Amino acid sequence: MSRTLALTGSTGFIGAALLRKLTRAGWKVRALHRHSASRSRPDAGEGAIEWIRGSLEDAESLLRLMRGAEAVVHCAGAIRGATADEFRRVNVGGVVRLADAARKTHPRPRVLLISSLAAREPHLSHYAASKRAGEDALGRAAAGLVWTALRPPAVYGPGDRETLPLVRCMRRGFSPVLGPRGARFSLLFVDDLAVAVRRLLESAPWSQAPFEIHDGHTGGYTWEELILTVARIIGRPVRRFRIPVWFMQAAARGNLLLSRGIGYAPMLTPGKVRELTHPNWVCDDAALRRATGWEPRFQLEAGMRRTLQHLRNGRWMVER
Ligand SMILES: NC(=O)c1ccc[n+]([C@@H]2O[C@H](COP(=O)([O-])OP(=O)(O)OC[C@H]3O[C@@H](n4cnc5c(N)ncnc54)[C@H](OP(=O)(O)O)[C@@H]3O)[C@@H](O)[C@H]2O)c1
């Protein structure tokens with residue numbers, strides 16, 4: 001008989017990849033969704049998915065989500081927003097309510113939180129602070145449950161609306177450089193993250209602490225390496241233009257004001273600029289490899305090749 005797990009965030013970029021990977025691995029998935037339109041739900045072997053209508057703010061729907069599930073992968077999160085409260089409501093409040101539902105529906109539930117490498121630098125932004133506070137809240141709620149968390153760096157791949165403009169620009173032969181000279185960052189192709197989640201679900205015991213994870217390229221990448229990799233794949237040079245920090249900050253402040261005026265959740269904020277210009281987003285996945293035997297399959301060139309292929313075929317938002 002297949003095992004049942006609960007999944008949040010499956011209508012988003014990473015969650016959709018998790019849904020596909022986990023159903024293909026034989027898990028029966030109960031997936032939380034907020035919107036009634038079926039087109040917002042990824043198609044991934046419908047028989048293996050039970051959709052539960054609700055949200056992280058709706059404790060009753062979380063109980064329905066968790067009933068009969070031996071584990072939950074909590075991937076839903078707010079990645080855009082203007083205020084600390086907007087992020088905390090989802091990224092902290094959601095963790096607390098979900099952990100509570102898990103404890104009420106299973107004698108010893110397992111909770112796997114998709115956190116973020118940003119949690120390592122909580123002072124940079126409201127988003128980063130909320131991801132760290134979400135981990136801490138899960139740690140405090142730990143009595144009666146087993147938990148672990150993954151801290152991915154920037155995740156890329158087909159289906160990601162946030163990196164689509166950058167990938168499009170690069171394919172057309174030009175790229176902004178957003179970080180300072182010498183900045184280094186780890187990256188992760190979305191399929192490798194999905195495999196790591198599957199491996200964690202199949203391995204025991206869990207760490208009761210977050211694991212860092214990246215694509216296996218020790219020491220991370222620079223913008224120059226990223227741009228040269230794309231140039232190699234598309235077979236022509238990619239021209240770069242450095243965007244000064246003062247310009248990004250001014251644009252972010254303008255965007256923040258506009259978002260308050262018009263009422264949308266902004267991605268580019270002063271906090272996001274501090275994240276983008278942070279010089280060190282390099283991480284270390286040794287603990288995760290030791291615990292699970294997981295190995296990433298896609299370093300930058302392979303992952304970017306696949307990503308660009310989906311863009312070229314007009315299949316950005318469809319099954320990978
Ligand atoms: N993308 C990255 O590079 C990256 C890196 C590190 C960590 N992460 C973490 O990975 C997770 C997923 O990120 P993503 O890039 O896939 O983001 P995304 O595409 O924006 O997806 C976010 C998901 O969360 C759901 N969600 C948001 N607020 C919710 C609420 N109040 N109740 C129920 N569901 C809610 C969204 O549902 P709707 O479809 O209904 O809006 C969507 O399914 C986040 O926790 C993020 O912090 C992402």
Side-chain angles (χ1 to χ4, degrees), residues 5-9 12-15 18 32 55-57 59 62 65-66 71-81 83-103 106 108-155 185-186 188 193-194 196-197 199-201 203-214 271-272 274-275 278 280-292 294:
L5 72 83
L7 175 64
T8 67
F13 161 51
I14 293 175
L18 296 182
L32 189 71
S55 79
L56 295 175
E57 288 79 13
L62 298 180
L65 177 76
M66 293 302 305
V72 56
V73 179
H74 181 30
C75 182
I79 60 169
R80 300 164 166 262
T83 65
D85 191 51
E86 281 170 43
F87 286 107
R88 285 188 67 88
R89 228 175 17 234
V90 180
N91 295 345
V92 187
V95 171
V96 172
R97 276 186 291 276
L98 194 65
D100 198 41
R103 267 198 311 259
H106 196 280
R108 197 145 172 78
R110 294 190 299 159
V111 181
L112 196 174
L113 172 67
I114 304 297
S115 181
S116 167
L117 190 58
R120 198 174 71 183
E121 312 288 348
H123 59 287
L124 288 178
S125 64
H126 296 321
Y127 169 72
S130 72
K131 295 303 281 188
R132 174 63 155 271
E135 291 178 358
D136 293 346
L138 187 55
R140 280 195 301 276
L145 56 81
V146 180
W147 72 279
T148 190
L150 283 172
R151 283 185 173 179
V155 181
F185 46 87
S186 296
L188 184 61
L193 175 54
V197 167
R199 293 296 284 264
L200 267 171
L201 286 167
S203 69
W206 281 10
S207 64
Q208 313 285 109
F211 286 111
E212 291 187 350
I213 174 170
H214 66 89
K272 184 55 68 183
R274 285 192 292 278
E275 286 177 31
H278 184 65
N280 177 11
W281 284 121
V282 176
C283 58
D284 177 1
D285 63 0
L288 178 68
R289 286 175 188 242
R290 268 196 310 276
T292 62
W294 170 81

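Here the structure is a predicted model, which means the values were calculated and not measured.
Judged by distance alone, with hydrogens and angles left aside, the side-chain atoms of R97 form a donor-acceptor pair with the main-chain N or O of L56 at under 3.5 Å. With S203 contributing its side chain and T292 its backbone, the two residues share no donor-acceptor pair below 3.5 Å. Between the R274 side chain and the L124 main chain, a donor and an acceptor come within less than 3.5 Å of each other. Of the possible polar contacts, one joining the N91 side chain to the A78 backbone as a donor-acceptor pair under 3.5 Å is found.
Across every non-hydrogen atom of A143 and R103, the tightest pair is O-CD, 3.3 Å. Here the closest heavy-atom approach between residue G134 and residue V95 is recorded as O-CG1, 3.6 Å. Taking all atoms of both residues into account, the shortest heavy-atom contact from G15 to L7 is O-CD2, 3.9 Å. Counting all heavy atoms, side chain and backbone alike, G144 lies closest to P109 at O-CD, 3.4 Å. When all heavy atoms of P152 and I213 are compared, the closest pair comes out as CA-CG2, 3.6 Å. Contact detail for V92 and S130: the closest heavy-atom pair is CG2-O, 3.6 Å.
Every side-chain contact (heavy atoms from CB on, under 4.5 Å) that A119 has, sequence neighbours left out, goes to S115, K131, R132, E135, R151. D85 is linked by a salt bridge (charged side-chain N to carboxylate O under 4.0 Å, His left out) to R89, counting only residues two or more places apart in sequence or in another chain. Qualifying salt bridge (charged side-chain N to carboxylate O under 4.0 Å, His left out) partners for R289, counting only residues two or more places apart in sequence or in other chains: D285, E295. Scored by the side-chain hydrogen bond (donor to acceptor under 3.5 Å, both in side chains) test, Q208 finds no partners at all (sequence neighbours excluded). When the side-chain hydrogen bond (donor to acceptor under 3.5 Å, both in side chains) test is applied to S125, the partners found at least two apart in sequence or on another chain are E275. Residues that satisfy the side-chain contact (heavy atoms from CB on, under 4.5 Å) test with A286, not counting sequence neighbours, are D284, R290. Partners of H278 according to the ring pair (Phe, Tyr, Trp, His ring centres under 6.0 Å) rule, which considers only residues two or more places apart in sequence or in another chain, are W281. Every side-chain hydrogen bond (donor to acceptor under 3.5 Å, both in side chains) that T8 has, sequence neighbours left out, goes to H74. Legend: residues meeting ring pair (Phe, Tyr, Trp, His ring centres under 6.0 Å) with W294, ordered by chain and number and at least two apart, are absent. Not a single salt bridge (charged side-chain N to carboxylate O under 4.0 Å, His left out) links R199 to another residue, sequence neighbours left out. Residues satisfying the side-chain hydrogen bond (donor to acceptor under 3.5 Å, both in side chains) criterion with T148, sequence neighbours excluded, are S207.
Ring geometry, F87 versus H126: the interplanar angle falls from 30° to 60°, so the pair is classed tilted.
Side-chain contact between L201 and W206 is present, with at least one heavy-atom pair separated by less than 4.5 Å. A 4.5 Å side-chain heavy-atom check between I114 and V197 finds at least one atom pair inside the cut-off. With contacts defined as side-chain heavy-atom distances shorter than 4.5 Å, the pair L65/L98 qualifies.
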- [ ] Take D100 and L62, measure what side-chain contact (heavy atoms from CB on, under 4.5 Å) needs, and give me the verdict at the end.
- [x] CA-CA 9 Å; D100 198 41; L62 298 180; over 6 Å; no
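Here the straight-line distance linking atom CG of L145 with atom CG of L138 works out to 6.5 Å at 0.5 Å rounding. In this structure, CZ on F13 lies 10.0 Å from SG on C75, to the nearest 0.5 angstrom.
Identified under the salt bridge (Lys or Arg N to Asp or Glu O under 4.0 Å) test for residues 119-130, with sequence neighbours left out: R120-E212.
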